[in-house]
Amino acid sequence: MGFLGRHRPTVASCPVPELPEVEAYRRLAQGALGRPVRDATVYDPRFVRGAASARTVVAALRGATFRAARRHGKLLVLDLGAPRGGVDPGPPAAGVPGDGTRLGLRFGMTGRLVVDGLAGVDRLLYASDRGDAVWDRFAVRFEDGGRLVMHDPRLLGGVELDPDESLLGPDAASVSPAELRRALEHSAAPVKARLMDQRRLAGVGNLMADEILWRAGIAPQRRAASLSAAEHRRLHRHLRTTIDLLLARGGSHLGDLVPQRHPGGRCPRDGAELSRSTVGGRTSWWCGRHQR
DNA sequence: ATTGTGGCCTGCCCGC
DNA sequence: TGCGGGCAGGCCACAA
């Protein structure tokens, strides 16, 4: 141990919560549907985001049930059903803030979801593997005794009552070519920054952006508006196939480029040493030989 | 309006 | 051996 680059690939072999991880959490959360909530606990008030206070969030949950688990980009939305014996409010109006019918879960970088003791993702990059209850930030206790827990050492995630889903762009897993083009055209920003802008396109984080651009052969610092029609098509194709691949493999860290995102790392395609720089405020790795 | 920057938050690993 | 600093990245406030 100790020589340059030895530890980094090891660390990078653990997932960061991006779209594939949140999709795994969504499936996990389906196991929480239809079960009456006995109580909810906010262990750290900083974990509650948005206008509603921790007290309001807890009040909205007590006696309710989760009726659906949806994913929009990296946001997991749990639709709240009526309290037991109450009048069902009917289908929720997605994107309407303030109606008290939806609970949004964000995982930041180190957040994880645990339902009845089962984690949706085995390990997290930069998150401790220890399941210390110290880092439980929010929990829902069901009448049947089970629990839904959000665990987040760094508090970069959070829960929000009635998150404004209209602020999110189209979901990256189903974005159409025209939608992707609209997210990129006329922009002087680097194409990578635009891909990661959740208002334009929801679901792509730093690791996936590097993987997608590497596969598409497009340099991350290229101005978004400078992409040709052929590059738009190529980027869309690789965006969709990369997401499908990572969903199938089960994690955003399971791309081909990710293991090489460290000093001395080489392009898996042509063997060139990868370049590193900051693009869109994030550390970016790319191949100067084939990404143009 | 768009685009860029820094701060939040903690664990880990480095050099001193 | 301990300590300080850099770094990881999603998201937000803020500046230009």
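What you see is a predicted model; the values in this text were computed from it and never measured. Chain identifiers are assigned alphabetically (A, B, ...) following the order of the sequence lines, protein sequences preceding nucleic acid strands; residue numbering begins at 1 within each chain.
Contacts of A/A193 with the nucleic acid, taken as non-hydrogen atoms under 4.0 Å apart, are absent. Contacts of A/G281 with the nucleic acid, taken as non-hydrogen atoms under 4.0 Å apart, are absent. Backbone-only contact: A/R46 has heavy atoms under 4.0 Å from sugar-phosphate atoms and none from a base.
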Side chains of residues 42-60 of chain A: which donor-acceptor partners sit under 3.5 Å, not counting sequence neighbours?
residue : atom : partner : partner atom : Å
A/Y43   : OH   : A/R147  : NH1          : 3.2
A/D44   : OD1  : A/R46   : N            : 2.9
A/D44   : OD1  : A/R46   : NE           : 3.1
A/D44   : OD2  : A/R46   : NE           : 3.4
A/D44   : OD2  : A/R46   : NH2          : 2.8
A/R49   : NE   : A/G157  : O            : 3.2
A/R49   : NH2  : A/L155  : O            : 2.6
A/R49   : NH2  : A/G157  : O            : 2.7
A/S53   : OG   : A/R55   : N            : 3.4
A/S53   : OG   : A/T56   : N            : 3.1
A/S53   : OG   : A/T56   : OG1          : 3.0

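The side chain of A/S187 contributes no N or O atom lying less than 4.0 Å from OP1 or OP2 of B/dT2. An OP1 or OP2 oxygen of B/dT2 is reached within less than 4.0 angstrom by a side-chain nitrogen or oxygen of A/R200. The phosphate of B/dT3 (OP1 or OP2) has a side-chain N or O of A/R194 nearer than 4.0 angstrom. Residue A/W135 places at least one side-chain N or O under 4.0 Å from the OP1 or OP2 atom of B/dG11. For A/R276, a side-chain nitrogen or oxygen approaches OP1 or OP2 of C/dA8 to under 4.0 Å.
With respect to A/R102 and A/D79, no salt bridge is recorded, no charged nitrogen being found less than 4.0 Å from a carboxylate O.
Interface remark: the A/R154 side chain does form a donor-acceptor pair with the C/dA8 base, using a distance-only criterion of under 3.5 Å.
Distance, A/L75 CG to C/dG10 P: 15 Å, rounded to whole Å.
The closest side-chain donor-acceptor pair between A/E21 and A/S252 falls under 3.5 angstrom.
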